[in-house]
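Below, read A as the first sequence line, B as the second, and so on, with proteins coming before strands; counting in each chain starts at 1.
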Amino acid sequence: MNQSDFVAELSWRGMVHQTTEGLAAHMATLGRVAYAGFDPTADSLTVGNLVSAMLLARLQRCGHKPIVVMGGATGLIGDPSGKSSERQLLDPAQVKKNVAGQRKIFEKLLDFTGPNAAVIVDNAEWLLKMGYIEVLRDIGKHFSVNQMVTRDSVANRLESREQGLSYTEFSYMILQAYDFAHLFKAHGCTVQMGGSDQYGNILSGIDLIRRLSQGEGFGLTAPLLLKSDGTKFGKSESGNVWLSAERTSPYRFHQFWLNASDEEVGKLLRWFTFFDRATIEALEAAQKANPSERAAQKALADAATEMIHGAAEVARAKSAALALFSGDIRALDAALLDEVTHDLTSTVIAASALDGDGVALLEFLATTPLAASKREARDFLAAGAVSVNGEKAVTDAKLTRKDVLHGAVILLRRGKKQWHALRVGN
RNA sequence: GGGCGGUUACUCAAGCGGUCAACGAGGGCAGACUGUAAAUCUGCUGGCUUAGCCUUCGGAGGUUCGAAUCCCCCACCGCCCA
């Protein structure tokens with residue numbers, strides 16, 4: 001495996017925002033242990049979380065040992081960093097379930113065998129055992145409130161009158177600092193990584209390690225990932241892009257990357273693929289020379305989808321896209337049709353309803369997610385935005401048995417990308 | 001406790017007795033153009049059995065032939081005085 005210098009590797013990929021002094025020299029020795037934390041606020045991770053996950057994956061490929069820290073305990077509280085308002089508290093059963101869901105994703109990104117096997121730990125293991133008095137006595141005394149209130153994440157919330165900051169949230173940084181100190185002792189972990197909003201928390205941890213163990217810790221943060229238009233990365237028309245197939249299908253996942261803009265595709269390749277520098281630069285050059293080919297976007301979509309969902313799902317996503325966008329839907333064979341419709345929202349209709357004159361498309365559209373009301377359905381039909389099995393539909397179109405493909409399904413489309421399957425029941 | 005100003009559709013924001021389903025901007029959606037892009041242009045953006053009808057302008061009453069617009073009460077927000 002390639003054991004290139006970790007810090008240099010991240011640098012050329014543009015994934016380094018800040019590091020503490022001496023990190024590069026520290027990482028020159030192989031076998032270092034580093035961690036990144038994840039809040040179990042959902043049973044899956046989003047592409048936003050993928051930034052930190054990739055830091056760990058690259059770390060391991062550079063010959064170091066990654067630790068994933070699930071915030072099973074801190075997730076009960078919520079990090080105030082970057083949040084404008086108080087977090088909802090999660091209940092313990094939910095957190096447990098979420099931790100299990102996220103664990104599955106890390107198993108795809110990290111190698112859990114070998115000398116630098118990745119480890120997943122849950123900070124509930126050590127934080128829940130601690131008593132309040134113990135925390136105040138052993139940890140709290142090492143923190144200066146004077147210093148804590150000057151942290152941006154805290155100061156912003158103190159200034160805003162409406163929001164305020166609860167004592168609970170205020171204490172979050174103490175707990176996160178303790179995580180680092182605990183991992184230092186228990187796992188020899190010397191490095192913490194995260195997004196740029198975590199820098200303050202990381203420094204607190206390094207400080208605590210010095211006080212509790214007279215040891216030296218290091219930190220590294222990645223820049224915040226924003227889209228070129230300044231909006232938050234990782235949202236698509238249909239909401240957040242998740243890393244589990246149950247929440248975001250591999251097809252949609254693949255489409256998400258494929259739709260990356262020309263300006264940001266180079267950056268995304270650097271961040272989210274393991275392609276080497278020469279490969280990425282060649283892809284960028286190809287993209288620039290012939291934009292409509294979208295060579296860079298295609299390579300990005302395939303690589304990212306393969307990493308998360310596997311090669312088989314890449315092939316499925318591509319054949320589905322080919323069929324849906326080529327428009328020649330009637331030509332699909334039954335098996336491929338099934339593949340294509342697998343991910344789509346669907347409605348079941350009785351076969352008998354399609355007999356004779358059939359059902360008015362206008363009526364039916366309003367019952368699907370494609371149109372919110374009959375009024376809207378009428379607008380879409382009038383604008384020529386709706387197609388049945390890839391062919392544009394007229395306003396008074398009827399759906400009949402003739403429209404059913406392979407005796408099973410009718411494919412409706414609104415606009416360019418909104419699809420809906422109409423499945424025929426008995 | 002007292003005085004003043006506000007509360008309008010997804011957001012901001014006009015309207016100040018009929019011509020108001022409500023100007024405008026943003027956002028969203030659709031069409032054309034394209035590369036399943038960006039930019040641009042056009043249309044739509046409460047609902048319906050759509051030349052019309054129905055339900056909306058913080059909540060409840062009232063005045064009027066007629067109210068988002070006037071009056072009264074209530075709730076919430078902002079500013080000023082104590």
[N] pairs with, by Watson-Crick or G-U criteria that keep both distances under 3.5 Å:
N	result
B:C65	B:G18
B:U11	B:A25
B:C57	none
B:C33	none
B:G1	B:C81

Could you verify whether a donor N or O on one side chain and an acceptor N or O on the other, from [X] and [Y], lie under 3.5 Å apart?
X	Y	result
A:Gln192	A:Tyr35	yes
A:Thr347	A:His420	yes
A:Asn98	A:Gln102	no

- Salt bridge or not for A:Arg270 and A:Glu284, using N-O below 4.0 Å? yes
- Task: Could I get the full list of salt bridge (charged side-chain N to carboxylate O under 4.0 Å, His left out) partners for A:Glu363, not counting sequence neighbours?
- Result: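 Scan of A:Glu363 (salt bridge (charged side-chain N to carboxylate O under 4.0 Å, His left out), adjacent residues dropped) gives A:Lys374.
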Take the protein atom [atom1] of [X] and the nucleotide atom [atom2] of [N], then report the distance between them rounded to whole Å.
X	N	atom1	atom2	value
A:Phe380	B:G28	CZ	C1'	10 Å
A:Lys374	B:U50	NZ	C1'	12 Å
A:Leu370	B:C44	CG	P	22 Å
A:Leu381	B:G43	CG	C1'	15 Å

- When you check the phosphate oxygens OP1 and OP2 of B:C48, does a side-chain N or O of A:Ser373 lie under 4.0 Å from one of them?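 Looking at the OP1 and OP2 atoms of B:C48, one of them is under 4.0 Å from a side-chain N or O of A:Ser373.
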- Message: Under 4.0 Å from OP1 or OP2 of B:C44: is there any side-chain N or O of A:Arg375 that close?
- Response: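 Answer no for this pair, as no side-chain N or O of A:Arg375 is under 4.0 Å from OP1 or OP2.
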Could you tell me how far [M] sits from [N] if I compare only their [atom1] atoms? Round to whole Å.
N	M	atom1	result
B:C20	B:G46	P	16 Å
B:C54	B:G62	C1'	24 Å
B:A21	B:C16	P	15 Å
B:C74	B:C80	C1'	24 Å
B:U63	B:G52	P	31 Å
B:G31	B:A9	P	29 Å
B:A25	B:A75	C1'	31 Å
B:G26	B:C41	P	11 Å

- Query: On RNA chain B, nearest-nucleotide positions of A:Glu363 versus A:Asp379: which is more 5'?
  - Reply: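 First, find each residue's nearest nucleotide; the 5'-ward one identifies A:Asp379.
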- Query: For atom NZ of A:Lys288, is the number of surrounding heavy atoms from other residues, nucleotides or ligands below 6.0 Å larger than 12?
  - Reply: no
Side-chain donor-acceptor distances from residues 309-318 of chain A under 3.5 Å, at least two apart:
residue  : atom : partner  : partner atom : Å
A:Glu313 : OE1  : A:Arg316 : NE           : 3.4
A:Arg316 : NH2  : A:His342 : ND1          : 3.3
A:Lys318 : NZ   : A:Asp302 : OD2          : 2.9

- Contact pattern, 5' to 3', of nucleotides 31-42 of chain B - B, S or - by protein heavy atom under 4.0 Å: SS-BBBS-----
- Task: Calculate, to the nearest 0.5 Å, the distance between atoms CD and CG belonging to A:Gln287 and A:Leu300 respectively.
- Result: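 Those atoms lie 10.5 Å apart.
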